[in-house]
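What follows is a set of notes on a single structure, which appears directly below.
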Amino acid sequence: MPSAIEQIVDTYVRLKNRRGLDELMMHRQRLAVDLKSRSGYDFSLPIGQIDEEIAIIEAGLGRLKAESAGLGPSSPV
């Protein structure tokens with residue numbers, strides 16, 4: 001079963017919503033920077049999860065770019 005972030009990214013790609021993906025990416029990047037700058041607690045688990053989510057978003061952006069370049073799945077006739 002796909003994770004929540006995978007479902008969200010898939011929906012944004014299907015709707016060709018690059019802005020939504022960009023905002024999602026920026027939010028995750030800000031979270032990662034914030035957590036990496038903190039001390040006093042082991043944030044490695046949430047940082048790892050955020051890094052995985054960033055990779056999923058990057059893959060979605062790549063799929064969206066490929067589809068807009070005409071390299072994506074062919075549209076039904």
Checklist entry - What do the steps show when you test Arg63 against Asp10 for side-chain contact (heavy atoms from CB on, under 4.5 Å), and what is the final call? => result CA-CA 9 Å; Arg63 289 184 3 233; Asp10 286 342; 2.9 Å; yes
Checklist entry - Between atom CD of Glu53 and atom OG of Ser3, what is the distance when rounded to the nearest 0.5 Å? => result 7.0 Å
Checklist entry - Is atom CD of Gln49 surrounded by more than 12 heavy atoms (other residues, nucleotides or ligands) closer than 6.0 Å? => result no
Item to check | Side chain Glu67, main chain Leu64, donor-acceptor under 3.5 Å | outcome: no
Checklist entry - When rounded to the nearest 0.5 angstrom, what distance separates NE2 in His27 from CZ in Arg30? => result 6.0 Å
Checklist entry - Are any of the side-chain heavy atoms of Asp22 and Ile57 separated by less than 4.5 Å? => result no
Next on the checklist: Distance check, rounded to the nearest 0.5 Å: Leu45 atom CG versus Ile50 atom CD1?
Outcome noted: 10.0 Å
Next on the checklist: Please report the interatomic distance CZ(Arg19) to CG(Leu24), rounded to the nearest 0.5 Å.
Outcome noted: 13.5 Å
Next on the checklist: If I take atom OH from residue Tyr12 and atom CD from residue Glu23, how far apart are they, to the nearest 0.5 angstrom?
Outcome noted: 7.0 Å
Item to check | Straight-line distance of Glu58 CD to Leu21 CG, nearest 0.5 Å | outcome: 11.5 Å
Checklist entry - Of the non-hydrogen atoms in Gly60 and Val13, which two are nearest, and what is the gap between them? => result O-CG2, 3.4 Å
Next on the checklist: Is there a path of hydrophobic side-chain contacts, each under 4.5 Å between heavy atoms of I/L/V/M/F/W/Y residues, joining Tyr41 to Leu31?
Outcome noted: yes
Checklist entry - Would a hydrophobic clustering, with Ile, Leu, Val, Met, Phe, Trp and Tyr connected at side-chain separations under 4.5 Å, put Leu35 with Ile54? => result yes
Item to check | Check ion pair Asp34-Arg38 (N to O, under 4.0 angstrom) | outcome: yes
Next on the checklist: Which heavy atom of Lys65 sits nearest to which heavy atom of Ser68, and what is that distance?
Outcome noted: O-OG, 2.9 Å
Item to check | Short N-O contact, Asp51 and Arg28, less than 4.0 angstrom | outcome: no
